[in-house]
Amino acid sequence: MMLHHRSSSIQPSSRRKVILSLFVIGFFLGVTFFSHQLENNLDHQLLDTRNNALRLSSSFPWSSAHSTIDDVDDVKKMSYVTSFWAKTPQTKIHPHRREIEAALLANIYNPHIDQVVVFLDGVTSGDDNVEEEFKSSCVHFHQDMAEINRQFLQRSASSNTRVDPMSKVTCVNVITGQPTYHQMFFNALSNVVTGDIVIMANADMAFDDSISKARKLKEDVLLVLGTRGFSMDAIPVSTRQFYDIIARAENQQLKDSVLDQCKVNPRTWDTWIFHKEAIQGQLQEEHFQRPNIYDEMVPFYMNENGAENAALWAMEQCPSLATTYNACDEVLSWSFHLSAKTHHSQGQTIWSRGNGGVGRNPNSVFVPKPWGGSERTKWKSPPYPPKWCERENGCFFD
């Protein structure tokens with residue numbers, strides 16, 4: 001009986017302990033589950049917020065009414081491709097470098113441009129023979145542009161910092177120096193360029209809202225753009241402010257205007273626009289070479305006289321391209337080059353005159369023929385593409 005009594009007296013106490021233990025365990029499991037649910041919900045909310053922000057992008061300094069690439073599924077993506085020279089921490093900053101950085105930031109903020117690709121030539125980060133303080137790479141480029149963007153936001157009227165504008169920038173280290181014309185086109189067709197339509201231009205070209213029309217470019221059309229120059233009265237404020245804040249703030253002596261080449265000189269252009277797939281696999285390197293005075297076939301560079309005309313001929317050899325059109329009256333590009341003229345160049349090649357041409361200045365030798373373009377001049381200077389579309393049904397989709 002004592003044993004039975006003892007047993008019956010212990011059993012309720014043990015039961016209470018078991019119940020209490022189960023309650024405590026259940027409580028902690030419930031708290032843990034609730035915490036995980038809350039954390040997951042917060043993660044999803046943060047992810048949704050980030051995705052929404054990326055879809056919205058940064059509307060400043062452009063109108064908030066603009067739609068972005070994610071608003072419509074079937075629109076073509078556009079990539080802006082250019083070349084820029086690397087600098088080291090010891091590099092003296094030329095005013096034109098600030099102008100280029102201002103143009104780059106304007107294009108980065110442009111809501112119609114989905115990707116900005118910079119091929120940074122002359123990098124030294126992988127060279128063990130270069131001291132650390134003299135090295136340069138895309139890492140330094142990103143740091144410089146991030147600082148310039150910070151200064152721009154600080155000096156401008158905007159407080160919109162929802163999205164890092166540098167997130168749309170792809171920088172590619174190039175150790176071989178300034179690219180040739182062929183290399184620039186080859187770079188534009190590489191996998192790092194993700195857009196369907198490529199806008200390839202000099203680094204000091206800035207685009208306004210009119211670049212949106214390039215999304216509707218027909219696949220068999222090649223566009224070139226002569227710059228509209230730089231005029232305080234003509235350039236949109238939303239584009240000009242990048243120049244005023246970044247470049248002019250450091251050099252008040254810069255001139256106020258650049259000549260409108262679209263109006264006065266149809267034989268030159270700084271921008272190429274084309275469908276990437278349309279010319280994929282069709283470019284031939286030998287078409288981008290000309291004979292020098294030693295009759296050696298050598299490449300030409302973007303800053304040489306007549307280089308764009310020679311490159312136009314090479315592009316017109318692509319079977320998929322039916323029309324070349326200078327759309328500078330419809331798609332506007334602005335020249336952020338008010339400082340003294342300078343070129344980061346491999347040096348001017350001395351070209352053969354036998355197959356070349358000399359312009360009105362006999363000391364200015366053009367890159368030799370063949371040249372592209374259908375419009376002719378009475379001078380010996382190269383031909384050029386027309387300012388109207390040669391196809392009856394137009395160069396752009398409606």
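Fair warning: this is a prediction, and the values are worked out from it, not measured in the lab. Both backbone and side-chain heavy atoms feed into the values below; hydrogens, waters and symmetry mates do not. Residue numbers count from 1 along this sequence.
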Regarding [X] and [Y], do their side chains bring together a donor and an acceptor under 3.5 Å, going by distance alone?
| X | Y | result |
| --- | --- | --- |
| T268 | E308 | yes |
| S156 | Q241 | no |
| N149 | Y109 | yes |
| Q143 | H140 | no |

**Message:** Go through it in stages, so that I can follow the logic: the residues are K263 and D329, the test is salt bridge (Lys or Arg N to Asp or Glu O under 4.0 Å), and I'd like the CA-CA distance, side-chain angles, deciding distance and then a yes or no.
**Reply:** CA-CA 9 Å; K263 287 185 178 180; D329 287 321; over 6 Å; no
Is there a side-chain contact between [X] and [Y], using heavy atoms and a 4.5 Å cut-off?
| X | Y | answer |
| --- | --- | --- |
| R215 | D114 | yes |
| L222 | L312 | yes |
| S137 | L120 | no |
| D209 | P236 | no |
| F288 | L283 | yes |
| P266 | E375 | no |
| I235 | Y243 | no |
| F274 | C318 | no |

**Request:** Assess whether salt bridge (Lys or Arg N to Asp or Glu O under 4.0 Å) is satisfied between D244 and R155, documenting all intermediate values.
**Result:** CA-CA 10 Å; D244 291 340; R155 298 173 187 174; over 6 Å; no
**Prompt:** For F119 and V192, what are the C-alpha separation, side-chain angles and deciding distance, and is it a side chain to side chain contact (heavy atoms under 4.5 Å, CB included)?
**Reply:** CA-CA 10 Å; F119 287 87; V192 298; 3.9 Å; yes
**Request:** Go through S320 and E219 one step at a time and tell me if the side chain to side chain donor-acceptor pair (under 3.5 Å) criterion holds.
**Result:** CA-CA 8 Å; S320 61; E219 288 84 354; over 6 Å; no
**Request:** Please go through V237's hydrophobic cluster and name the other residues, only I, L, V, M, F, W, Y counting, with side-chain heavy atoms under 4.5 Å joining them.
**Result:**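 ILVMFWY cluster around V237 holds nothing else.
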**Message:** Is it the case that the ring center of W272 lies less than 6.0 angstrom away from the ring center of F185?
**Reply:**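 Yes, ring centres under 6.0 Å apart.
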